[in-house]
Amino acid sequence: MRDTPYDLGIDSGGNDFPVSGPTPRLSWKPPSDAAHPVAYEVQCTVDGEAHPTVTTAVGDHRFLPWPWPALAGGRRVLWRVRALRTGDRSPWSPWHAFESGLLHSDWRARWISPAESVDRGHGRRPAHLLSVRFAVRSTVRSARLYATALGVYEAFVNGERAGTAELTPGSTSYDRTLHAQAHDVTAAVVPGENRIEILLSDGWYRGQVGAFRQPSGWGTVTGVRAELHLVHEDGNVQVVRTDGTWTSTESAITRADLMDGQTTDFRVGAGTGRPVLVDQVEAPSIDWSPAPPVRVVESRPAESVRQIDGGLWIADFGQNASGWIRLSDLGPAGTRTVIDYGEHVGPDGDLTTAHLDARRPGQAPIPFVQRDEAVSAGRGETFEPRHTVHGFRYARLRRESAPLDPASLVMRVVHSDLRRTGSFGCGHEDLNRLHEIADWSFRGNAVDVPTDCPTRERLAWTGDYQVFISTATRLYDVLGFSRNWLRSVRDDQLPDGRIANFSPDGRRIKEHLDDQFAMMTGSAGWGDAVVAVPWELYESYGDREVLIENWEAMVRWVEWALKAARTARHPSRVERSAEPLPHEQYLWDGSFHWGEWTEPKAKASDGTRIDPVQSDPVAWFMADKGEVGTAFLYRSTATLARVAHVLDHAADADRYTAAAERIRDAWRTEFLSPDGRTASDTQAGYVRALSLGLVPRALREAAASRLVELIRAAGTHLTTGFLSTGDLLPVLADSGHADLAYELLLQRTPPSWMYMLDHGATTVWEDWEGIDDTGAAHDSLNHYSKGAVARFLHTHVLGLRQTPGAIAWESFEVAPVPHPSVPWARGTHESPQGTIGVEWRVTGDRLTITVDVPPASTARIVFPDGTAVDPLPCGRFSATRRVRATD
């Protein structure tokens, strides 16, 4: 029990400490003994100066607007809170500390760039070392290094690395958004002469991006901007800034690219410094990220290291993840170690990456390579390539002239340092393992932005994240991470309102509208992320501001899609009627859609798989995907109406509500028959129609029955693709077919999740048969979208769901859907209200459900027979009911 408010925080990220802008919002959780909403008192000091105590409204403990004058840059803030309970006050919470970063107007540093040699081409450029010496005349009380870059940087003061964040300043749309980092370097500064060094490489700004390794289009010249603020014991302030006095030289990192890899030659000494170039780059205003930084979150020794040839070893780390290898045994001086990274070892025992080669119809494949190299100077160096990142489980190490010590190999798992908020476990080990690989798959793709895979593409595809966001919120606190990404989505929005397929968009499609890829921008289920993701964040965290931030972009996207529906028609409908039928103005069928995407591939008679995109790209491109497009147009328009209602835009709420109803009616007219069958008559079509509320109540049972027929006709296998697989099991369970949902969940032949487990998956695969029965790999082996099944484990197996219409878990229900194969389940969720705990167990014919209800939340239990216990008291509560043996 906590008798004070706890878990104080602000809506910002930070490295050594939280760092904010001028007006951070304050949040905390109610004390455990607050059985109902209460008011709070908040105290604050800024650089030791007390501000007036503020009293909040009753129940106001999330995202409290900054109640004092706006902060200047570089201020240290302490704040605490206590609850005003009936008749008394709680004890004060512990103080929470954060600092405001430098504001845009505070920066005086110049942008400096390295004096580069001849351009060696993307993937072959070195990292440069930019440095300056400065004198400190007395003892320093505090030292803060504020830094950012166009590229990826590491900062050092007197040889000590600043902070623990990796791949700074992170991935953004650099034409509009650039984040800085604040580092506490007090311990590194000494009286007398000091030195600042900054290693700078291409990173996301200038390096290769995407499956076809094209150079990122943000800029051609990298740069750094930094200020070191020293506060002496006497209170005087000394500032060291980047300017023309700095020098640059090529570093021991002779090659650095985020995708290709890094080469470090430890024999390379400091060269003669050349003057830096000043103000050679253009950059947006510097801001502070709301997301947690990328860090090394775990270190894993190799589970096995096999020597497969004289100078060749294969290391297996037992887990597919994102990161790199730290190698402490580099051998004698001059020894070269080459490290190739990959997800799979073939039947011959050697590393293979051919399944990740990039292929376009009619063109030769582009081989996939992620390779690091280290050359020893013989001084006991440790190699840790911080200017690249890889997706891998296995590494092949090649060294011709020296042995390798297996104990010197460590996998460094690197991704955004997200706070875990959800746990799940049950009495079926395969389901526990499935939850684990889904979790790992998301982690491996959360490297500052939500990427599709950490290997072949590493692009933050909008469709992937909108599919997974409702699962992500059950696993981690992704509010700041998602807000950071959504800013890039808004930055990359095309002038006409279309949302880019991925953001940050290094291709910069908005500036190349004649590019072929621009024609494939604006797809249903992808661009709709700009509506779906903010709404999920609002429902999960109660953050109204995220809706305000994205409102204009949401409107522009929906209005573009509505216009596309009115003005463009699919050729098949033109053939049907030269003039559009009245309902067609609400059918979104005449512009490009990716469609259901990655449905299980059919097989030819010889067993080879048929890829419709590769085999006939024109037919795939021109196929009628209006059923999908119109369904998502309905969802986004209806959601936009709800957003308008929350934001008190009454006229917009009415307008979009009416538009959504017309879209739904048009979908029914065009794609739904009177007997409940859809025009496509596919599993995906029924899942989408039922999950999005497109089927009238009177036809829902018939539509669900047809879905069951199609599943049985497929041998009790799913045939859903990218957009609908995550909703398949919930739709079945909620329509009275829970047993079939469990059959699909536990199906062991492909396409199925259990097939992945049986074939050694440690992350979720892109293809259902990512490793086939011959041991060959196909496509990415770390693609998290199919891991959205983990949401079903939380919402139906565990049974924890937010009450429809509730936000921030102010109201929830526990309604497990037991199955004979799962005798018990338990889990937790760290909600904005506090910790929710659920455990249930079937013993004989008795089901016992235990719930921990946090303060200021309302909850109920719903048993499988529909009986309910409502409301539950705050604290722990248990109830038992008899259940049928088949429940």
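What you are looking at is a predicted structure, and each value in this text was computed from that prediction instead of being measured.
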*Asks:* Testing Gln370, Arg124, Arg213 for side chain to side chain donor-acceptor pair (under 3.5 Å) with Asp260, which one passes?
*Replies:*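 Exactly one candidate clears the test, Arg213.
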
*Asks:* By salt bridge (Lys or Arg N to Asp or Glu O under 4.0 Å), which residues pair with Arg274, not counting sequence neighbours?
*Replies:*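 Partners of Arg274 by the salt bridge (Lys or Arg N to Asp or Glu O under 4.0 Å) criterion come out as none, since no residue qualifies.
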
*Asks:* Test your reading of the model: is there a side-chain donor-acceptor pair from Arg267 to the backbone of Gly378, 3.5 Å cut-off?
*Replies:*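 No, the answer is negative, given that no donor and acceptor are paired below the 3.5 Å cut-off.
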
*Asks:* Could you check whether any side-chain N or O of Ser100 sits under 3.5 Å from a backbone N or O of Gly74, counting only pairs where one atom can act as donor and the other as acceptor?
*Replies:*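 Yes, because the side chain of Ser100 sits within donor-acceptor range (under 3.5 Å) of the backbone of Gly74.
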
*Asks:* State, to 0.1 Å, how close Glu250 and Pro126 come at their nearest heavy-atom pair, and which atoms those are.
*Replies:*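 In this case the closest contact between Glu250 and Pro126 is CD-CG, 3.8 Å.
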
*Asks:* Thr177: which residues meet the side chain to side chain donor-acceptor pair (under 3.5 Å) condition with it, sequence neighbours left out?
*Replies:*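 By the side chain to side chain donor-acceptor pair (under 3.5 Å) rule, Thr177 matches Arg487, Asp491.
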
*Asks:* Side chain of Glu49, backbone of Asp47: donor and acceptor closer than 3.5 Å?
*Replies:*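 Not confirmed, Glu49 side chain does not pair with Asp47 backbone.
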
*Asks:* Indicate the atoms forming the closest heavy-atom contact of Ala149 with Leu178, along with that distance.
*Replies:*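 Answer, listing the atom of Ala149 first, then Leu178: O-CD1, 3.4 Å.
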
*Asks:* Looking at Ala374, is its backbone amide N or carbonyl O close enough to the side chain of Thr264 to form a donor-acceptor pair, meaning the two atoms are under 3.5 Å apart?
*Replies:*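 No, the answer is negative, given that no donor and acceptor are paired below the 3.5 Å cut-off.
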
*Asks:* Quick test of your reading: applying salt bridge (charged side-chain N to carboxylate O under 4.0 Å, His left out), list the pairs with at least one residue in residues 65-74, sequence neighbours left out, ordered by first then second residue.
*Replies:*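 Listed once each, the pairs would be none.
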
*Asks:* Does any N or O in the side chain of Gln43 come within less than 3.5 Å of the main-chain N or O of Trp79, such that one atom is a donor and the other an acceptor?
*Replies:*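 Answer holds: no.
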
*Asks:* Not counting sequence neighbours, which residues clear side chain to side chain donor-acceptor pair (under 3.5 Å) with Glu384? List them please.
*Replies:*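 Partners of Glu384 by the side chain to side chain donor-acceptor pair (under 3.5 Å) criterion, ordered by chain and then number, come out as Trp324, Arg412.
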
*Asks:* Looking at residues at least two apart in the chain, or sitting in another chain, which of them share a salt bridge (Lys or Arg N to Asp or Glu O under 4.0 Å) with Asp279?
*Replies:*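 Asp279 satisfies salt bridge (Lys or Arg N to Asp or Glu O under 4.0 Å) with Arg110 once adjacent residues are dropped.
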
*Asks:* Residues in side chain to side chain donor-acceptor pair (under 3.5 Å) with Trp218, at least two apart?
*Replies:*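 Once residues adjacent in sequence are excluded, the partners of Trp218 under the side chain to side chain donor-acceptor pair (under 3.5 Å) criterion are Ser216.
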
*Asks:* Among residues two or more places apart or on two chains, list those pairs meeting side chain to side chain donor-acceptor pair (under 3.5 Å) that have a residue in residues 140-158.
*Replies:*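 Sorted pair list: Glu99-Arg144, Arg144-Asp184, Tyr153-Gln181, Tyr153-His183, Glu154-Arg161, Glu154-His387, Asn158-Asn194.
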
*Asks:* I'd like to know if the side chain of Gln280 reaches the main chain of Val278, judged simply by a donor and an acceptor atom lying under 3.5 Å from each other, with no hydrogens or angles considered.
*Replies:*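 Yes; at least one donor-acceptor contact below 3.5 Å.
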
*Asks:* Only counting residues at least two apart or in another chain, list the ones meeting side-chain contact (heavy atoms from CB on, under 4.5 Å) with Ser171.
*Replies:*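 Partners of Ser171 by the side-chain contact (heavy atoms from CB on, under 4.5 Å) criterion, ordered by chain and then number, come out as Trp204, Asp448, Val449, Pro504.
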
*Asks:* Under a 3.5 Å distance rule, please check whether Trp66 uses its side chain to pair with a backbone N or O of Trp68 as donor and acceptor.
*Replies:*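 Flag set: sc Trp66 to bb Trp68 pair under 3.5 Å.
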
*Asks:* I'd like to know if Arg206 pairs up with Glu116 as an ion pair, taking the criterion as any Lys NZ or Arg NE/NH1/NH2 lying under 4.0 Å from an Asp or Glu carboxylate oxygen.
*Replies:*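 So Arg206 pairs with Glu116 through a salt bridge.
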
*Asks:* Go through the structure and list residues passing side-chain contact (heavy atoms from CB on, under 4.5 Å) with Ser248, not counting sequence neighbours.
*Replies:*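 So Ser248 forms a side-chain contact (heavy atoms from CB on, under 4.5 Å) with Pro114, Ala115, Leu130, Val276.
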
*Asks:* Would you call Glu193 and Arg195 a salt bridge, using N to O less than 4.0 angstrom?
*Replies:*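 Here Glu193 does not pair with Arg195 in a salt bridge, since their nearest N and O are not under 4.0 Å apart.
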
*Asks:* Considering non-hydrogen atoms only, spot the tightest contact between Ser322 and Val414 and give its length.
*Replies:*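 Where Ser322 meets Val414 most closely, the heavy atoms are OG-O, 2.6 Å.
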
*Asks:* For Cys44 and Val46, work out which heavy atoms get closest and say how close.
*Replies:*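 Heavy atoms only, the tightest pair is SG-CG2, 3.9 Å.
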
*Asks:* How would you list, by chain and number, every residue that makes a side chain to side chain donor-acceptor pair (under 3.5 Å) with Arg483, sequence neighbours excluded?
*Replies:*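 Residues passing side chain to side chain donor-acceptor pair (under 3.5 Å) with Arg483: Glu549.
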
*Asks:* Before accepting this row, confirm whether a basic side-chain N of the pair Asp234/Arg137 lies closer than 4.0 Å to the acidic partner's carboxylate O.
*Replies:*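 Arg137 and Asp234: salt-bridged.
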
*Asks:* Going by side-chain contact (heavy atoms from CB on, under 4.5 Å), name the residues that satisfy it together with Asp417, two or more places apart in sequence or in a different chain.
*Replies:*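 Testing Asp417 for side-chain contact (heavy atoms from CB on, under 4.5 Å), a comparison that skips the adjacent residues, returns Arg295, Val297.
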
*Asks:* Go through the steps to decide whether Gln319 and Val413 satisfy the test side chain to side chain contact (heavy atoms under 4.5 Å, CB included), and finish with yes or no.
*Replies:* CA-CA 10 Å; Gln319 176 61 56; Val413 179; over 6 Å; no

*Asks:* Which atom pair, heavy atoms only, marks the closest approach of Leu150 to Ala283?
*Replies:*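 Closest approach of Leu150 to Ala283: CD1-CB, 4.1 Å.
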
*Asks:* Is it true that Arg399 and Asp329 have a side-chain N and a carboxylate O under 4.0 angstrom from each other?
*Replies:*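 Answer for the salt bridge query: yes.
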
*Asks:* Mind checking what makes side-chain contact (heavy atoms from CB on, under 4.5 Å) contact with Thr382, not counting sequence neighbours?
*Replies:*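 Thr382 satisfies side-chain contact (heavy atoms from CB on, under 4.5 Å) with Arg326, Ser328 once adjacent residues are dropped.
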
*Asks:* Mind listing the closest non-hydrogen atom pair of Ile253 and Ala256 along with its distance?
*Replies:*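 The pair with the smallest heavy-atom distance is CG2-CB, 3.8 Å.
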
